Trainee: 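I am attaching a structure below and will ask some questions about it afterwards.
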Amino acid sequence: MGSVGTSVASAEQDELSQRLSRLRDQI
Amino acid sequence: MALPPQLKAIQHYLRTAQEHEKRDPVVAYYCRLYAMQTGMKLDSKTPECRKFLVKLMDQLETMKKDLSDNESITQEVVGNAHLENYALKMFLYADNEDRAGQFHKNMVKSFYTSSLLLDVISVFGELSEENIQHRKYARWKATYIHNCLKNGETPQ
């Protein structure tokens, strides 16, 4: 995977982590 | 949606969630939350896993919205107690059957599900020593009795 592909993957991963912590925040 | 092989370890939690969808949505929610957290640790990089986890996250967000008036969802301490009570109830049912010498598939499943739910409780923090022991015992009993029933032997 090239550097563009890598950044897209990590951005998507970050988004998932953020959604998870938002979900956990309100618990 | 098919579960990618890399996420095979979360399949039992997702199945337990599905089985509790109507019976106890709080249990279903926390099983999925545990599966989500574990799945992200296992593999959130490959496209098939990401796609699966995004879908699971969508489902969790929808459930959370639908259950927004339920204190077991909005307050961690209440949710923890709910899950713990439920897991213990299931454990006690199986344990009573065991002590009464009533061995059947349903009690094996109850032992196994209680051990899965004790895993799920770890979303609230480290498990107590008592819960760790219950989990170990329930998993061992489920495997042992399952094997006995399969081989036509009487559990001791």
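What you are looking at is a predicted structure, and each value in this text was computed from that prediction instead of being measured. Quick note on labels: first sequence line is chain A, next is B, and so on, each numbered from 1.
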Trainee: Do any pairs count as a ring pair (Phe, Tyr, Trp, His ring centres under 6.0 Å) and have a residue in residues 8-28 of chain B, sequence neighbours left out, and if so which ones?
Mentor: B/His12-B/Tyr112, B/Tyr13-B/Tyr34, B/His20-B/Tyr86
Trainee: Locate the shortest heavy-atom distance separating B/Val54 from A/Arg19; write the atom from each residue and the value.
Mentor: CG1-NH1, 4.0 Å
Trainee: Between B/Asn80 and chain A, which part of the residue has a heavy atom less than 4.5 Å away: side chain, backbone, both or neither?
Mentor: neither
Trainee: Okay, side chain of A/Arg24, backbone of B/Leu33: is any donor-acceptor separation there less than 3.5 Å?
Mentor: no
Trainee: So which atom in A/Leu23 and which in B/Glu61 form the shortest heavy-atom distance, rounded to 0.1 Å?
Mentor: CD1-CG, 3.9 Å
Trainee: So if you build clusters from Ile, Leu, Val, Met, Phe, Trp, Tyr with side-chain heavy-atom gaps below 4.5 Å, do B/Val26 and B/Leu88 land together?
Mentor: no
Trainee: Determine whether B/Leu118 and B/Ile132 fall in the same hydrophobic cluster, where Ile, Leu, Val, Met, Phe, Trp and Tyr are linked whenever their side-chain heavy atoms lie under 4.5 Å apart.
Mentor: yes
Trainee: State, to 0.1 Å, how close A/Leu20 and B/Met36 come at their nearest heavy-atom pair, and which atoms those are.
Mentor: CD1-CG, 4.0 Å
Trainee: Would you kindly confirm whether B/Ile73 and B/Leu56 end up in one hydrophobic cluster when ILVMFWY residues are joined by side chain heavy atoms under 4.5 Å apart?
Mentor: yes
Trainee: Could you list the residues that satisfy salt bridge (charged side-chain N to carboxylate O under 4.0 Å, His left out) with B/Glu71, not counting sequence neighbours?
Mentor: none
